Undergrad: 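First, the structure itself, so that you have it in front of you.
FYI, side chains are in, hydrogens and waters are out, and symmetry mates aren't considered; it's all heavy atoms of this structure. Being a predicted model, the structure only gives us computed values, none of them experimental. All ligand and atom numbering here is 1-based and tracks the order in the structure.
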Amino acid sequence: MTKERETWKSHWGMIVAMIGTAIGLGNIWRFPYLCGKYGGATFLIPYVILLFGIAVFAMMCEWVLGRHTKREPLGAFEKIKFPFGRDIGAWGIIGPFFLYSYYIVITSWVIFFVFASFQGLYFGRNTEAYFASFLGSKWIFIVHFAAVFITSGILAMGVQKGIERACKIMIPTLFVLLIAVVARSVTLPGAARGIEFYMRPRWAGLLSAETWVAALGQVFFTLSLGMGAMLIYGSYLKDRWGIPMNAMALALGNTSASILAGFAIFPAAFALGFGSVVGSAESIGLTFFVLPKIFEVMPAGQIFGGIFFVLLTFGAVSSAISIQEPAIAWLTHEVKWSRAKSALFTGVILWIMGLPFILNGFVRGGLGDKLALLSKMDAIIGQLAIPIFGILAVIAVGYFMGDRGFDEMNKNARVKLSHTWLRFWIKAVVPLFVGLLAVLSLLGVLQDNGVIPEIIPAAGDIIFISRGVTPMTIVMIAFVCLLFWGGFAYAAVKVLTIEKDKKRRVRRGLHHSR
Ligand code: PFF
């Protein structure tokens with residue numbers, strides 16, 4: 001007989017696990033890096049549009065597919081009779097290996113900076129050169145091994161719930177510290193240029209398909225889509241979990257962290273002499289040389305920086321375990337291996353898969369050369385693999401589950417979405433839009449290689465939003481904070497009412513049974 005599938009005990013448990021997987025390096029490292037690469041606000045606009053127009057729905061579809069089938073990706077696609085379901089679902093096990101292979105390398109940078117910050121090792125130095133020298137040192141081997149060991153150990157012992165619970169405190173604290181970093185960053189002399197960069201869109205960039213494709217990848221990446229993680233978390237969800245509102249709340253909270261990270265990085269980058277790096281090949285390491293520079297000029301920066309990186313480690317590790325989890329879930333449930341054996345096996349493979357990125361750090365040259373392999377891999381996984389698999393879940397729900405899927409989506413939801421509208425959005429708009437971006441992205445590649453001529457002319461800058469720290473900037477930051485805390489307050493009130501309700505029902509039940 002099959003055991004009943006494990007679900008999270010409390011509503012809090014579910015919320016915390018979702019926040020654990022979603023908030024991580026995608027917010028603090030990847031978002032500022034891509035935002036810098038594609039021109040600040042020029043990236044921010046497509047990002048916000050695609051997040052709420054596409055990714056939130058894709059997340060709902062992964063939850064629906066998981067909760068309805070109660071299976072891992074392999075079985076889930078098969079169960080709803082998706083053509084080649086098992087083969088397609090296999091991506092949800094293989095794909096995460098590729099993502100993890102470099103995600104854990106970046107996690108290991110964070111771990112290194114915990115020690116470097118507490119000891120003030122980079123204080124008074126050129127932080128970019130410091131970071132580059134770390135990439136070619138023995139420390140990278142040590143922290144990389146430690147990082148893989150930590151996530152595999154957590155999964156072997158089955159204590160990932162503990163880590164997720166710890167994130168309940170760690171992530172909000174990270175948020176508070178991030179606000180303090182933002183405060184320091186935007187008040188630095190010369191910060192205005194960074195804020196302007198971050199807030200002022202350029203039409204030419206907005207019309208470039210490349211920007212949209214990168215933004216599409218990021219919205220899927222940041223919500224942990226297209227890798228089986230959300231699908232599996234969906235399979236553990238209780239029926240009580242209202243899908244639409246929770247998806248919205250998670251997307252809002254998660255995005256506010258990314259937007260704040262932008263306010264932390266860009267003003268300081270321009271103020272502290274890294275303006276020319278923003279958007280260059282080196283900018284993939286931006287977070288790791290701009291943040292240390294901010295800590296250097298902050299009161300008690302040594303301790304503050306150390307604590308900041310400890311909290312970020314929690315964010316990164318809780319995401320990394322959710323990336324390693326699908327393979328372990330498959331090995332334990334389907335291959336019937338023990339957790340320890342599965343964790344050891346995946347851990348060894350993942351450690352080996354990370355080594356090329358580590359060895360790349362030893363090549364001579366600039367930071368861009370040392371991170372070339374990692375940035376290639378990130379582009380392939382983040383901009384190609386994740387959106388493609390992510391959209392398959394949308395097609396699965398729209399075309400292979402249909403009304404059954406929409407019913408599942410609305411089950412016990414306070415805000416219900418109409419079937420007519422869902423049919424239009426999930427079956428037509430989302431796949432068409434993503435398909436269009438795929439075609440445009442292909443055209444872009446052909447244009448870049450001179451196969452076809454440029455179609456979109458550079459239109460120049462038209463919109464001008466703000467210059468420097470204006471009331472607009474402050475309103476924007478306040479708005480983002482409000483969203484986050486509002487989301488938390490909402491969740492807290494909701495949980496309290498549910499818990500109270502439950503207690504009342506239990507008491508009444510006891511009463512009756514007497
Ligand atoms: N959402 C995570 C982050 O932003 O850091 C990254 C991630 C986790 C992507 C899990 C995909 C995934 F399955």
Undergrad: With no hydrogens and no angle check, just 3.5 Å: does a side-chain donor-acceptor pair link Y100 and T346?
TA: no
Undergrad: Is there side-chain contact between Y47 and L34, with heavy atoms separated by less than 4.5 Å?
TA: no
Undergrad: Are S224 and T21 linked by a side-chain donor-acceptor pair shorter than 3.5 Å?
TA: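 A pair is found: one side chain offers a donor N or O, the other an acceptor, under 3.5 Å apart.
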Undergrad: CD/E282 to CZ/F289 distance, rounded to the nearest 0.5 angstrom?
TA: 7.0 Å
Undergrad: Could you tell me the separation between the OH atom of Y236 and the CH2 atom of W63, rounded to the nearest 0.5 Å?
TA: 15.5 Å
Undergrad: Decide whether S152 and Q324 meet the rule of one side-chain donor and one side-chain acceptor closer than 3.5 Å.
TA: yes
Undergrad: Exactly which residues line ligand 1, taking a heavy atom under 4.0 Å from it as the test?
TA: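 Correct list: T21, A22, G24, L25, G26, N27, L99, Y103, F221, T222, S224, M227, A229, S319, S322, I323.
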